[in-house]
Amino acid sequence: MYSWIWRHLPGNGWVKALISLVLIIAVVYILFQYVFPWAEPLLPFNDVTVDNQ
Amino acid sequence: MRVIVRTVSELCITVGTVIVLFVVYVLFWTGVRADSVMDEQIERLRAQWQRERAQPLPGSPLGPRKQRPYAAGRPFAIMYIPRFGFTWNKPVLEGTDPDTLRKGLGHYPHTARLGERGNVAVAGHRRTHGDPFKDFPRLRCGDAVVVTDGATWFTYRIDKGPYKTVPTDIEVIDPVPRTSGYTRPGRYLTLTTCEPEWGHSHRLIVWAHLDSTQPVETGKPEALRR
């Protein structure tokens, strides 16, 4: 999977490494900004009220 | 065959990395975010109170400021609990939905307002989102819970707690809370959080009664002086 992505990135080795880094940062950003805030309330740490009022 | 094995193992590593990142998010990042968001709420409140003091509402130049209804999701008070440390102060917002509790402590809608007859009920996170009520079990009888709405300092004194109960026990936030030991109507305050620390099977409760009030112009109440 990752080797397939690597092969399909344009440019030489340095350009590929740079693009990979940008991609990784973008994925982490999306996870922290959108995916984790959505998933976090599914965990029990939010239940601090009686009868979920 | 080799491609399949490699792809599956790559996927496993990816899922593992995402799980580790999620743990970092829950344990660390929500705290970082909560600290700045709560500071921002407190700043906003102080700025608002300053403005109101500069331009008192017409009709009551010297009398107590008329209380406005608490707006859902907005801060209306700052709470201090000396037992949690002298630097511990958190904004109190109206409502107890997860989005509100991310920004501070949440006041149960339809419970009494500060200083009023009845029961002021406030919920807070024990863990994650800045761990506001992390030291909840250390609260003892006689501890002060000081709240200000910008015009008045309200000093509540804890009478009973921490009391462990089940999440469906909504009578703990009644105007005269059941099992609190109070028998007559009065001016009470109830704090709730989760128990155990990382779980949600139970709730921890403390009850307090209004001990004293004083206008902000007279300075900090006794309980907050070092």
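In what follows, chains carry the letters A, B, and so on, assigned in the order in which the sequence lines appear, proteins first and then strands, with residues in each chain numbered from 1. Computed from a predicted model, the values in this text were never measured in an experiment. What's counted below: heavy atoms across the whole structure, side chains too, no hydrogens, waters or symmetry copies.
When each of B:V122, B:T7, B:T14 is scored by its heavy-atom pairs under 4.5 Å with chain A, the top score falls to B:T14. Ranked by non-hydrogen atom pairs under 4.5 Å with chain A, the options B:I205, B:T17, B:V18 are led by B:V18.
The contact between B:W198 and chain A is made by backbone and side chain atoms together, counting heavy-atom distances below 4.5 Å. Residue B:R6 touches chain A through its side chain alone, counting heavy-atom pairs closer than 4.5 Å. Residue B:L101 touches chain A through its side chain alone, counting heavy-atom pairs closer than 4.5 Å. Neither the backbone nor the side chain of B:L204 comes within contact range of chain A; no heavy atom of the residue lies under 4.5 Å from a heavy atom of that chain. In this structure, chain B has no heavy atom under 4.5 Å from any part of A:V27. For B:V3, no part lies under 4.5 angstrom from a heavy atom of chain A. Heavy atoms closer than 4.5 Å to chain A are found in both the backbone and the side chain of B:T193.
Residue B:V24 comes nearest to A:F32 through the heavy atom pair CG1-CZ, 4.5 Å, listed as atom of the first residue, atom of the second, then distance. Residue A:T49 comes nearest to B:Y108 through the heavy atom pair CA-OH, 3.1 Å, listed as atom of the first residue, atom of the second, then distance. Taking all atoms of both residues into account, the shortest heavy-atom contact from B:R102 to A:P41 is NH2-CG, 3.9 Å. Nearest approach of B:V166 to A:V50, heavy atoms of both residues: O-CG1, 4.5 Å. Residues A:Y2 and B:E10 share a closest heavy-atom pair of N-OE1, 3.0 Å.
By the neighbour-count criterion of 12 heavy atoms within 6.0 Å, atom CD1 of B:I4 is sparsely surrounded, having that number or fewer from other residues, nucleotides or ligands. For B:R33, the CZ atom sits in a loose shell: 12 or fewer heavy atoms of surrounding residues, nucleotides or ligands are nearer than 6.0 Å.
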Let me see the working for A:F36 and B:T30 under side-chain contact (heavy atoms from CB on, under 4.5 Å), right down to the final yes or no. CA-CA 10 Å; A:F36 291 163; B:T30 58; over 6 Å; no
